[in-house]
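This report refers to the structure that appears directly beneath it.
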Amino acid sequence: MPETPPLTMRPATPADIPLLCRLNQQLKDDEQARSRLPWDKLVARLEGWLRDEGYEAALFESGGDTVGYVIYRREPDPCVPDAELIYLRQFFVVRDRRRRGIGRRAFGLWKQGIVPRGMAIELDVLESNPAGRAFWEAIGLSPRMTRLRQESS
């Protein structure tokens, strides 16, 4: 059995924005997300998150290939006065690298390098993405609430 190349994480740079946007498009497909921004608006949204909204991004790499990414930021914890949490906005592993433990390893690498001990992590999982929800529950996250929505007619 061939040895698995090590997994590394590095901060994303402005030069990585097109790559992050391409990966984000794949994430949106997997989630069956309704939002479909044109390329220029997708790039502008990501640039705004990183420049103006306090988000950070990192890329996961293995064997010279980008295998995933994460976008996150610190936010006030609505459940604990004077505390913060990490809001994980997007986490993605490329399709041809899934089911090999990379997602679990990437999350562990990110958590170890970014999340202070004892700090909560929160994220949203679309109901249209049951595989994503199953992944998060399998690595130890549990639902805190369900956000419901009704589209106006």
Side-chain angles (χ1 to χ4, degrees), residues 5-98 100-129 131-137 139-141 143-147 149:
L7 182 69
T8 60
M9 180 180 74
R10 69 168 177 84
T13 68
D16 294 313
I17 286 178
L19 171 60
L20 288 166
C21 288
R22 283 192 302 276
L23 295 172
N24 179 245
Q25 287 177 319
Q26 293 176 38
L27 173 63
K28 293 294 185 191
D29 290 343
D30 290 350
E31 294 175 327
Q32 299 177 42
R34 292 182 47 196
S35 63
R36 293 286 184 234
L37 295 176
W39 182 258
D40 60 330
K41 292 198 184 318
L42 187 64
V43 169
R45 180 182 72 167
L46 183 55
E47 288 173 339
W49 285 353
L50 299 175
R51 183 186 57 241
D52 304 326
E53 296 185 35
Y55 283 99
E56 297 179 57
L59 293 164
F60 300 109
E61 299 172 329
S62 180
D65 296 325
T66 298
V67 297
Y69 77 98
V70 61
I71 297 177
Y72 60 93
R73 73 175 175 192
R74 286 182 178 228
E75 296 184 351
D77 188 331
C79 298
V80 182
D82 302 319
E84 289 185 315
L85 58 78
I86 300 280
Y87 176 67
L88 195 138
R89 177 98 192 207
Q90 296 178 356
F91 182 91
F92 179 75
V93 172
V94 297
R95 292 179 190 120
D96 67 346
R97 297 296 185 97
R98 293 181 190 161
R100 300 179 192 183
I102 288 177
R104 183 180 295 271
R105 289 174 35 220
F107 182 74
L109 186 63
W110 172 78
K111 187 175 174 184
Q112 180 181 25
I114 301 299
V115 182
R117 191 173 213 45
M119 184 174 279
I121 300 166
E122 286 194 355
L123 56 95
D124 297 318
V125 178
L126 295 178
E127 291 296 317
S128 58
N129 187 10
R133 182 172 178 155
F135 167 77
W136 291 114
E137 289 178 353
I139 65 170
L141 282 81
R144 182 176 71 84
M145 69 176 183
T146 299
R147 183 182 295 176
R149 178 181 176 123

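A distance of 11.5 Å separates CZ in Arg133 from CG in Asp124, rounded to the nearest 0.5 Å. Note: Arg89 CZ to Ile71 CD1 = 8.5 Å, rounded to the nearest 0.5 Å. Distance CD1/Ile139 to NZ/Lys111: 8.0 Å, rounded to 0.5 Å. Distance CE/Met9 to CH2/Trp110: 9.0 Å, rounded to 0.5 Å. Atom CZ of Arg51 is separated from atom CD1 of Ile17 by 8.5 Å, given to the nearest 0.5 angstrom. With values rounded to the nearest 0.5 angstrom, Asp40 atom CG is found 12.5 Å from Arg45 atom CZ.
At least one donor-acceptor pair closer than 3.5 Å links the side chain of Arg73 to the backbone N or O of Glu53. Side-chain atoms of Asp77 come within 3.5 Å of backbone atoms of Cys79 as a donor-acceptor pair (strictly under, hydrogens ignored).
Side-chain contact between Glu122 and Leu88 is absent, with no heavy-atom pair separated by less than 4.5 Å. Tyr87 has its side chain out of reach of Pro76: every pair of non-hydrogen atoms, C-beta onward, lies at least 4.5 Å apart. Between Leu85 and Ile121, the closest side-chain pair of non-hydrogen atoms is not below 4.5 Å. Looking at heavy atoms from C-beta onward, Leu19 lies in side-chain contact with Thr66 at the 4.5 angstrom threshold. Proximity of Phe92 to Val70: side-chain heavy atoms (C-beta onward) are nowhere separated by under 4.5 Å.
The closest side-chain donor-acceptor pair between Asp16 and Tyr69, if any, does not fall under 3.5 angstrom.
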ask   = So Met119 and Arg74, side chain to side chain contact (heavy atoms under 4.5 Å, CB included) or not? Walk me through it.
value = CA-CA 10 Å; Met119 184 174 279; Arg74 286 182 178 228; 3.5 Å; yes

ask   = side chain to side chain contact (heavy atoms under 4.5 Å, CB included) between Leu7 and Glu61: does it pass, once the steps are laid out?
value = CA-CA 6 Å; Leu7 182 69; Glu61 299 172 329; over 6 Å; no

request  = Carefully, step by step, assess Lys28 and Leu37 under the rule side chain to side chain contact (heavy atoms under 4.5 Å, CB included).
outcome  = CA-CA 10 Å; Lys28 293 294 185 191; Leu37 295 176; over 6 Å; no

Full working for side chain to side chain contact (heavy atoms under 4.5 Å, CB included) between Val94 and Ile102 = CA-CA 10 Å; Val94 297; Ile102 288 177; over 6 Å; no

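Under the rule for a ring-ring contact (aromatic ring centres under 6.0 Å, His included), the partners of Tyr55 that lie at least two apart in sequence or sit in another chain are Trp49. Listed by chain and residue number, Phe91 satisfy the ring-ring contact (aromatic ring centres under 6.0 Å, His included) test with Phe60 (two or more places apart in sequence, or in another chain).
Scanning both residues, Ala12 and Leu20, for their nearest heavy atoms gives CB-CD1, 3.9 Å. Residues Trp39 and Cys21 share a closest heavy-atom pair of CH2-CB, 3.4 Å.
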